[in-house]
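Inspection log for the structure reproduced underneath, given as structure tokens.
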Amino acid sequence: MKAQDCWIKLIGIGDKVVKPTFSEHRVWDKELFLASKATQYANHTNEDERRGVVEISHSEYLANK
């Protein structure tokens, strides 16, 4: 397997307005990582911490970090 870079943006779910959070990760399986993060943030025990996960490009990450 070859490691891949993955850039994500965490956004508010529904009507919740939160400042987006941008992060960079080195992963082995990008699809599995994104699915895991989406499940982790959507099912957070604290409702205020629930987020949507969106994959973004490297240039979008650099423009917003």
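Computed over heavy atoms, backbone and side chain alike; hydrogens, waters and symmetry mates excluded. The first residue in the sequence is number 1, and the count goes up from there.
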With sequence neighbours left out, write down each residue that passes salt bridge (charged side-chain N to carboxylate O under 4.0 Å, His left out) with Glu24, or none if nothing qualifies.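 With neighbours one apart ignored, the set is empty.
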
So, using side-chain contact (heavy atoms from CB on, under 4.5 Å) as the criterion, who are the partners of [X] when residues are at least two apart?
X     : result
Ser23 : Ile8, His25
Leu62 : His58, Lys65
Glu49 : His44, Asn46, Arg51
Ala63 : none

Among residues two or more places apart or on two chains, list those pairs meeting salt bridge (charged side-chain N to carboxylate O under 4.0 Å, His left out) that have a residue in residues 27-37.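 Residue pairs with at least one partner in residues 27-37: Lys30-Glu55.
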
Could you tell me whether the side chain of Thr39 and the main chain of Ala35 form a donor-acceptor pair under 3.5 Å?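 Yes, because the side chain of Thr39 sits within donor-acceptor range (under 3.5 Å) of the backbone of Ala35.
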
Shortest non-hydrogen contact from Cys6 toward Leu34: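 In terms of heavy atoms, the two residues are closest at SG-CD2, 3.8 Å.
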
Residue pair Lys9 / Phe22: nearest heavy atoms and the distance that separates them: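 The pair with the smallest heavy-atom distance is CD-CE2, 3.3 Å.
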
Output all residues satisfying side chain to side chain donor-acceptor pair (under 3.5 Å) with Thr45, sequence neighbours left out; order by chain, then residue number.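 For Thr45, no residue satisfies side chain to side chain donor-acceptor pair (under 3.5 Å) once neighbours in sequence are set aside.
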
Single-linkage hydrophobic cluster, 4.5 Å side-chain cutoff, Leu10 and Phe33 together: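 Yes, Leu10 and Phe33 fall within the same hydrophobic cluster.
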
Are Val27 and Tyr41 linked, directly or through other ILVMFWY residues, by side chains that come within less than 4.5 angstrom of each other?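 Both belong to a single hydrophobic cluster.
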
